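Worksheet: the structure to be examined is printed underneath.
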Amino acid sequence: RRVLIGGGTGFIGSTLKQFLKNRGYVVTVISRTPGKNRLTWNDIAQNGIPDDTFAAVNVAGENVLNPLRRFNDDFKNAIFESRIKTTSLLANAIRDAKTKPEAFICMSGVGIYKPDKEKLYDENTDVSESFDYISKLAHEWEKASETSSDVRKVILRSGVVLGRNGGMILQTYLQFYFGFGTWFGSGSQYFPWIHLHDLCRLIIFSIENNQVNGVVNAVAPEIITNKTFAKTFASAMNRPALLPTLGIVCKLVFGAERAVMILEGQQVIPSKAMEYKFPYLYPTIQKACAELAPFNYVP
Ligand code: NDP
């Protein structure tokens, strides 16, 4: 059974590919660059999806928190296009396919929910209004996945993905390892998160269980703050985390609009995953950090 992964060369996609292969699936990656067992986005635009596609997943997207890129219009366009164009291209190809896949799984982010100290968000919360760049991005991204066909669609609104080979953990690992781990700003902002392995397992769970449908919050059930994350990760390394990275520094590095993503947060509950009885391997940040911290890590 074939699964297509848009962005299957990336941090999330490459682990997902391995997990799918371990379960006996045939995986075809969709990439900008041609290669073995790969299709390019142009191939999909020209020839559609392979007839034997059992499921399609899109985890492509330019990294929003790339500190080396200035947050100017060019970069903002690249961020938009890398998500919206790829997702709508795949959605159109699925709509036009003679043999429809069983499921279409798309990524989105918890940035669709407005940061708030009090509010608890689940999949039933009304999010019809966008309020900043990141929420607008999430709205457009989710809209792009509309297939106008009866293929089962799952939109995963992901929190920060914690895994050793990419994302936030890779960017901050050495800082924590040498005892300079920090939280951002006050640290009291909520920090919706999910372990990479649970995210990949949730994607496979969504492919394989036909009761999974629509928006699903891809976050761990434990709600924590950014400071709790920093303290727990440092302590799993037997190191301290003593000081914050000041909000002003985050704004200087990332620009004010992007800094919102790390200086503010939402309390997001994975109501649907819990309703489906999804078996989390890492439901608590302590369990996740115990897996993420060891230096002699073999992925
Ligand atoms: P990566 O930065 O690892 O990138 C994933 C893949 O996207 C790349 O391997 C690349 O594939 C493709 N890509 C990058 N830029 C472009 C572009 N301009 N146009 C088309 N394709 C592009 O991302 P992650 O694996 O960390 O994340 C995957 C998706 O999940 C992203 O959309 C991200 O926003 C979302 N997400 C991630 C979170 C995280 O904490 N990591 C949290 C919430 C959501 P190739 O070079 O082969 O074309």
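We count ligands from 1, going down the list as the structure has it; atoms in each ligand are counted the same way. Quick caveat, the model's predicted, so the values are computed rather than measured.
Given atom 28 (C) of ligand 1, the protein heavy atom at minimum distance is Val59 O, 3.0 Å. The closest protein non-hydrogen atom to atom 9 (O) of ligand 1 is Thr9 OG1, 2.8 Å. Of the protein's heavy atoms, Val161 CG2, 3.7 Å lies nearest to atom 38 (C) of ligand 1.
Contact check on Glu140 versus Arg83 returns no salt bridge, with no Lys/Arg side-chain nitrogen under 4.0 Å from an Asp/Glu carboxylate oxygen. Taking a cutoff of 4.0 Å between a charged side-chain nitrogen and a carboxylate oxygen, Lys114 and Glu264 do not qualify as a salt bridge. Between Lys76 and Glu257 there is a salt bridge, with a side-chain nitrogen of the basic residue lying less than 4.0 Å from a carboxylate oxygen of the acidic one.
Comparing heavy-atom distances from atom 32 (O) of ligand 1 across Cys106, Ala218, Ala60 singles out Ala60 as nearest. With distances taken over non-hydrogen atoms, the option nearest atom 41 (N) of ligand 1 out of Phe11, Phe80, Phe75 is Phe11. In this comparison of Met261, Arg83, Met107, the heavy atom closest to atom 34 (O) of ligand 1 sits on Arg83. Nearest-heavy-atom check against atom 27 (O) of ligand 1 across Ile169, Val110, Ile12 picks out Ile12. Distances from atom 46 (O) of ligand 1 to the heavy atoms of Lys85, Glu62, Arg32 put Arg32 nearest. Taking each of Gly109, Gly8, Gly159 in turn, the one with a heavy atom nearest to atom 42 (C) of ligand 1 proves to be Gly159. When the heavy atoms of Ser31, Gly6, Ser82, Gly61 are ranked by distance to atom 19 (N) of ligand 1, first place goes to Ser82. Counting heavy atoms only, Gly7 comes closest to atom 6 (C) of ligand 1 of the residues Pro192, Gly7, Ala138.
With a 6.0 Å cutoff to the six-membered ring centre and a 45° limit on the axis angle, Arg70 does not count as a cation-pi contact of Phe75. Relative to the six-membered ring of Phe176, Arg239 misses at least one condition, a distance below 6.0 Å or an angle of at most 45° to the axis.
Taking the six-membered ring where tryptophan is involved, the planes of Phe191 and Phe229 are essentially parallel, since the angle between them stays under 30° and well short of 60°. Ring pair Phe278/Phe205 is perpendicular by interplanar angle, where above 60° counts as perpendicular and below 30° as parallel.
By the criterion of a heavy-atom distance under 4.0 Å, neither the backbone nor the side chain of Glu81 is placed next to ligand 1. With a heavy-atom cut-off of 4.0 Å, Trp141 touches ligand 1 through its side chain alone.
For the side chain to side chain contact (heavy atoms under 4.5 Å, CB included) test with Leu156, the passing option among Leu202, Val219, Asn217, Val215 is Leu202; the others fail.
Residue Tyr276 qualifies as enclosed at atom OH: its count of foreign heavy atoms under 6.0 Å is above 12.
At a 3.5 angstrom cut-off on N or O pairs, Ile30 does not count as close to ligand 1. Of the N or O atoms in Ser108, none lie within a sub-3.5 Å distance of an N or O in ligand 1.
Cluster membership check: Val59 shares its hydrophobic cluster with Tyr25, using side-chain heavy-atom separations under 4.5 Å among Ile, Leu, Val, Met, Phe, Trp and Tyr.
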